[in-house]
Structure formats: structure tokens, C-alpha cells
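As a basis for the values below, the full set of heavy atoms in this structure was taken, side chains included, without hydrogen atoms, waters or symmetry mates.
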Amino acid sequence: MPVTDNLKAYAEDKVNKACSHFEGGIKEVDVRMSVAGGDRGTGAKQQKTEITVYTLSNGVVRAEDVEESMYASIDLVSDKLARKLRKMKEKAIASGSWHSSGRPLSAKPMRREVEPSTDEQEMFPTDGPSDGPEIVRTKYFMLDPMTPREAVELVEQLGHPFFLFRDKDTNEVQVIYKRQTHGYGLIIPSNDE
């Protein structure tokens, strides 16, 4: 959607306020705004704001909100973000990993998205007839060693239904997922037949 100067300034102000107590620990902030429905499509008009904060040593914090007004969406998502950042900071202080004076005590490598290679484009061609669902995006990221409990915390911070990670003790790739009823599930690959 086209973003006006007033809307951009409003979003920057709200996000800056939400992140103001965490400046020394933040590497990057990504804000995305989108509109669905209404004049542009079917259904009621929905204006969505997504904010992703990449911290120096405490992972990724993500918040999103959908409202009828973009300004209301920005307000509410900024409030959600501030709460999640405060919760992340409290956990980091309790574990002794919170930085002081803007320098992290122990920086973990960040997950990063990598552009697809030409080999990948040959493996998954996007033109021509298809026999099934089309793969439209591929992500590569570093699997940081962590405990299942740390993986659950990241699922909560990111708001995703699952998270792929490498177990700190066994070095195996595992998946933690949010169950529909309650709690979390853990998928551990088995080589037994």
C-alpha cells in the first residue's frame, strides 16, 4: 500500500516509543503495512501492521494487528510490541544475558534469510504446468543450538505455530509446535524403522 508521509511519521513515532527502553539491544526493526478487502477485494476492509524486531542477543520479537483503521492498527501493534519487548528483557535479566550500556554480554548469531541460488531455481522451476502445489518461496537460516524450552519461548515471541531448531544436547534437528488444544508438541526425527 502507498504510505503517506504522515502515516510513516506516525508509525515511526509509535515504534520508537515502543522500543525506547531497548535501544542498545536492537539491531533492526522491520515494519510492514498492508490492506485487504474493502474496495480492493472481497470482505470487510482490514488494515494490518506487522512489526519484527531483531535484537542483538535475544532473538526476534514479532507483533501484528489487524484493524479497520491503519492508525488504530499501528497503536495496538505498538502496545503489543512494547509488552513483548518488556517480557523478553525481564527473561534476559533473570537469565543474566541482558546487556549493559548497549553492549551484549553474549551475542548469538542471528537467523538470516538468504536469496535462492540458481541451483534452487533449476530444482523448483516456476514456469510451465504443475502436477501439485507450487513452491513459491524457500528460506535458509542458521539452526542455533538451543533447548526445547528456549524454542517454546521463541514460538511465543514470534507468534508462529512452529519452530525448527537444533537441540543443544543431542545436536539433532527438532520441531516445536503449538498444539490446538493446549501446550506444545515436540517432533524428534527417528532413524528406527
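Follow the hydrophobic side-chain contacts under 4.5 Å out from V35 and you never reach L76; the two are in separate clusters.
Taking each heavy atom of S78 and A18 in turn, the nearest pair found is O-CB, 3.5 Å. Residues H160 and V155 approach most closely at O-CG1, 3.1 Å, considering heavy atoms.
From M146, atom CE reaches atom CD of E153 across 10.0 Å, with rounding to the nearest 0.5 Å. Interatomic distance, L164 CG to I187 CD1, rounded to the nearest 0.5 Å: 10.0 Å. Here the CG atom belonging to L81 is positioned 5.0 Å from the SG atom belonging to C19, to the nearest 0.5 angstrom. Between E68 atom CD and S73 atom OG the span is 11.5 Å, to the nearest 0.5 Å. For the atom pair T55 OG1 and L85 CG, the distance stands at 8.5 Å (nearest 0.5 Å).
Judged as a side chain to side chain donor-acceptor pair (under 3.5 Å), the pairs with a partner in residues 164-173 (not counting sequence neighbours) are, in order, D167-T170.
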- Would you check, one step at a time, whether the test side chain to side chain contact (heavy atoms under 4.5 Å, CB included) holds for Y177 with V152? CA-CA 8 Å; Y177 64 95; V152 167; over 6 Å; no
- Test side chain to side chain contact (heavy atoms under 4.5 Å, CB included) applied to V53 and E28, step by step: CA-CA 6 Å; V53 176; E28 180 182 343; over 6 Å; no
- Task: Please step through side chain to side chain contact (heavy atoms under 4.5 Å, CB included) for the pair Q47 and V66, ending with a clear verdict.
- Result: CA-CA 5 Å; Q47 302 199 25; V66 178; over 6 Å; no
- Could you walk me through whether I74 and Y10 pass the side chain to side chain contact (heavy atoms under 4.5 Å, CB included) check? CA-CA 8 Å; I74 292 168; Y10 187 79; 4.0 Å; yes
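For the side-chain contact (heavy atoms from CB on, under 4.5 Å) test, residues two or more places apart in sequence or in another chain that qualify with K80 are A63, D65, R83. Shown here are the side-chain hydrogen bond (donor to acceptor under 3.5 Å, both in side chains) partners of R32, two or more places apart in sequence or in another chain: D30. Among residues two or more places apart in sequence or in another chain, the side-chain contact (heavy atoms from CB on, under 4.5 Å) test is passed with K178 by Y184. The side-chain hydrogen bond (donor to acceptor under 3.5 Å, both in side chains) check on T4 picks up nothing, with sequence neighbours excluded. Applying the side-chain contact (heavy atoms from CB on, under 4.5 Å) rule to L186 yields the partners P148, F165, Q174, I176, I188; only residues at least two apart in sequence or on another chain are considered. For F162, there are no ring-ring contact (aromatic ring centres under 6.0 Å, His included) partners at least two apart in sequence or on another chain. For E64, the salt bridge (Lys or Arg N to Asp or Glu O under 4.0 Å) partners are K48, R62, not counting sequence neighbours. Among residues two or more places apart in sequence or in another chain, the salt bridge (Lys or Arg N to Asp or Glu O under 4.0 Å) test is passed with K17 by D13. With sequence neighbours excluded, the residues that form a salt bridge (Lys or Arg N to Asp or Glu O under 4.0 Å) with D75 are K14. Remark: V31 pairs with V15, V29, M33, T49, I51 by the side-chain contact (heavy atoms from CB on, under 4.5 Å) rule, at least two apart or across chains.
By the 6.0 Å contact criterion, CD on E12 is enclosed, its count of non-hydrogen atoms from other residues, nucleotides or ligands being greater than 12.
Formation of a donor-acceptor pair under 3.5 Å by the E150 side chain with backbone atoms of T147 is found in this model.
Side-chain contact between M70 and L7 is present, with at least one heavy-atom pair separated by less than 4.5 Å.
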